[in-house]
Protein chains: 2
Amino acid sequence: MELKRAAEGEKGFEKVFAFLRERLLAGSLKPGDRLISERELATLLGVSRPIVREALRALTVLGIVEIRDRIGTVVTRPDVSVLNDFFTFALAQQADMLDDVMQARVAIECQAIRLACERANIADFERLQRTLAKIGETIDEADAGGMADFEFHRSIVTASHSETLTVLHGSMAGLLTHSHRSRRELVQAFPSMKTYLIDDHRRIFEAVIARDPERADATLRKHFAIGDEFRRRAVVGDLDKTSASR
Amino acid sequence: MELKRAAEGEKGFEKVFAFLRERLLAGSLKPGDRLISERELATLLGVSRPIVREALRALTVLGIVEIRDRIGTVVTRPDVSVLNDFFTFALAQQADMLDDVMQARVAIECQAIRLACERANIADFERLQRTLAKIGETIDEADAGGMADFEFHRSIVTASHSETLTVLHGSMAGLLTHSHRSRRELVQAFPSMKTYLIDDHRRIFEAVIARDPERADATLRKHFAIGDEFRRRAVVGDLDKTSASR
DNA sequence: GGTCTGATCTTGGTCAGACCAGTATGATAA
DNA sequence: TTATCATACTGGTCTGACCAAGATCAGACC
């Protein structure tokens, strides 16, 4: 059997990992299933328990499996946290990747809003409306304001009813949260940004309500572009063109 | 120090993982660095070696470090394979996620082509031209044709010069490769699709050359939409009205 | 008879020490 | 100075053991 040969050919960790991988991919191990105990797995595959634990731990960080203390190991549904971890580490080692991640976020969100225009239901509309209102209410608070902004954009993605888009967006949005907040801090100093924030989001909302993908996409893109412009000016210290003072 | 408290508060695996995570995120451990040996790490953190190995293995599957036999553990640059693994597992357990992943791919690629219009250089143009030509040459071969198609789209993303987009696209494109190929198999049976494939890709190429983001995005979107349409018809077994379009 | 309680089995979590097989290095011999 | 070889590493793995706490089931109690 090639399966057995493969299991014998690889050693230790790889053997166990491959063994479980096959079951997972083949579908014989589905979410909710309990794996056999570590000891059984060890004797079954002819390896030691520490090795088995390595493999299980590997699957754990991949979000495939969950090790429950004194209960057993169960298969879980793939989770966002993996991507989160990945992007976190990736970003830490390449700070210049931040703009890059932002691009990816724009990509996801623009696609999401198109889908949202087609698939959003009443509940989605209501959530969008709520979060939009929240943006108006919290316009003067840095933290709450940033949160509201985040929630609004997340609602858009949720309304797309696309799990993959939601997952990807969620994993990146976390990293970009502080960027949201830093933008919000600018708002405090420069009231003229308020109109930008409120009006822009409202226009986006209206486009979704109108179920107009093209307009929604374009409006959202413009929204991001303007946000970029603000940040660019902030770097140069040239924020006066919006109001006065400095 | 909270750092020490955290290290003491958590146990075993978490302790080691958190310890390394901090160094990685703080930047005191950069790609290329060699970690101290497993034994040292174990005594340093007051845990056993198997536990250290669990943590190292976890970082390995996350693509953060690489364990080299009899050499040591070195920090690597985050790799695509993690996302690949994740999507593979995720897809295996939720087959209906395929269309969803396709949506994400469209999202990434449309954003990428916009960036490509701005940032592509001569080399990118040349690669696009080569892959475009390849599509024409291999139009009658299922395998080679699918590969050429894949390469063309990949070239677009590469031309965006965005690492994140490239990584995401790469991790999803693999899963969708066979979908490409199955489409190609249809080509064999229905020659009228040839014009669609060749002309569409050429139009996309021209839009990039013209450095027109809007047109490129729109053309690419249409390309995907038509592809969807073809697949839809294939399901219904109604592939004759190809040149009609909508 | 039904319910509660507790001993026992099992599970994950961890440790200590050991052996192997190669690598890297430095000391010794040519 | 160079070439060779012993030794001190490294990761890779195994064995066997202990702990704490959930799971289970038998026996005691109501």
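Just the heavy atoms: all of them, side chains too, but no hydrogens, waters or symmetry mates, feed the values below.
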Who pairs with B/E14 by salt bridge (Lys or Arg N to Asp or Glu O under 4.0 Å), at least two apart in sequence or on another chain?
none
Applying salt bridge (Lys or Arg N to Asp or Glu O under 4.0 Å), name anything that partners A/D228, two or more places apart in sequence or on another chain.
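Counting only residues at least two positions away or on another chain, A/D228 forms a salt bridge (Lys or Arg N to Asp or Glu O under 4.0 Å) with A/R231.
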Does anything in residues 54-67 of chain B come within less than 4.0 Å of DNA chain D? Heavy atoms only, and list the residues if so.
B/R57, B/I67
Please name all residues satisfying side chain to side chain contact (heavy atoms under 4.5 Å, CB included) with [X], sequence neighbours left out, ordered by chain then number.
X: B/A116; answer: B/A159
X: B/E137; answer: B/A133, B/K134
X: B/E126; answer: B/I122, B/R130
X: A/Q129; answer: A/F205

Basic-acidic side-chain contact under 4.0 Å: B/R105, B/E109:
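A salt bridge links B/R105 with B/E109.
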Which residues pass the side-chain hydrogen bond (donor to acceptor under 3.5 Å, both in side chains) test with A/T73, sequence neighbours left out?
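With neighbours one apart ignored, the set is empty.
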Return the residues of residues 29-38 of chain B meeting this criterion: a heavy atom under 4.0 Å from some atom of DNA chain C. Order them by number, or give none.
none
In a table with atom names and distances, give each donor-acceptor pair under 3.5 Å that connects a side chain of residues 29-45 of chain A to protein atoms at least two apart or in another chain.
from	atom 1	to	atom 2	distance (Å)
A/D33	OD2	A/K30	N	2.9
A/S37	OG	A/E40	N	3.2
A/S37	OG	A/E40	OE2	3.3
A/E38	OE1	A/R49	NH1	2.6
A/E38	OE1	A/R53	NE	3.2
A/E38	OE2	A/R53	NE	3.2
A/T43	OG1	A/R39	O	3.4
A/T43	OG1	A/E40	O	2.9

Over how many whole Å does the gap from A/L45 atom CG to D/dT13 atom P extend?
13 Å
Rounded to whole angstroms, how far apart are CG on B/L44 and C1' on C/dC15?
17 Å
Find the partner of C/dT8: check Watson-Crick (N1-N3 plus N6-O4 or O6-N4) and G-U wobble (N1-O2, O6-N3) distances, both under 3.5 Å, and reply none if neither fits.
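Result: D/dA23.
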Scan B/E40 against the nucleic acid and name what it touches under 4.0 Å (heavy atoms): base, sugar-phosphate only, or nothing.
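Here B/E40 touches the backbone only, sparing every base.
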Protein-proximity profile, nucleotides 17-23 of chain D, B/S/- by nucleotide at the 4.0 Å heavy-atom cutoff, equals B--BBSS
Could you name each residue pair satisfying salt bridge (charged side-chain N to carboxylate O under 4.0 Å, His left out) that touches residues 153-165 of chain A, not counting sequence neighbours?
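Only A/R77-A/E163, A/E151-A/R154 qualify under salt bridge (charged side-chain N to carboxylate O under 4.0 Å, His left out).
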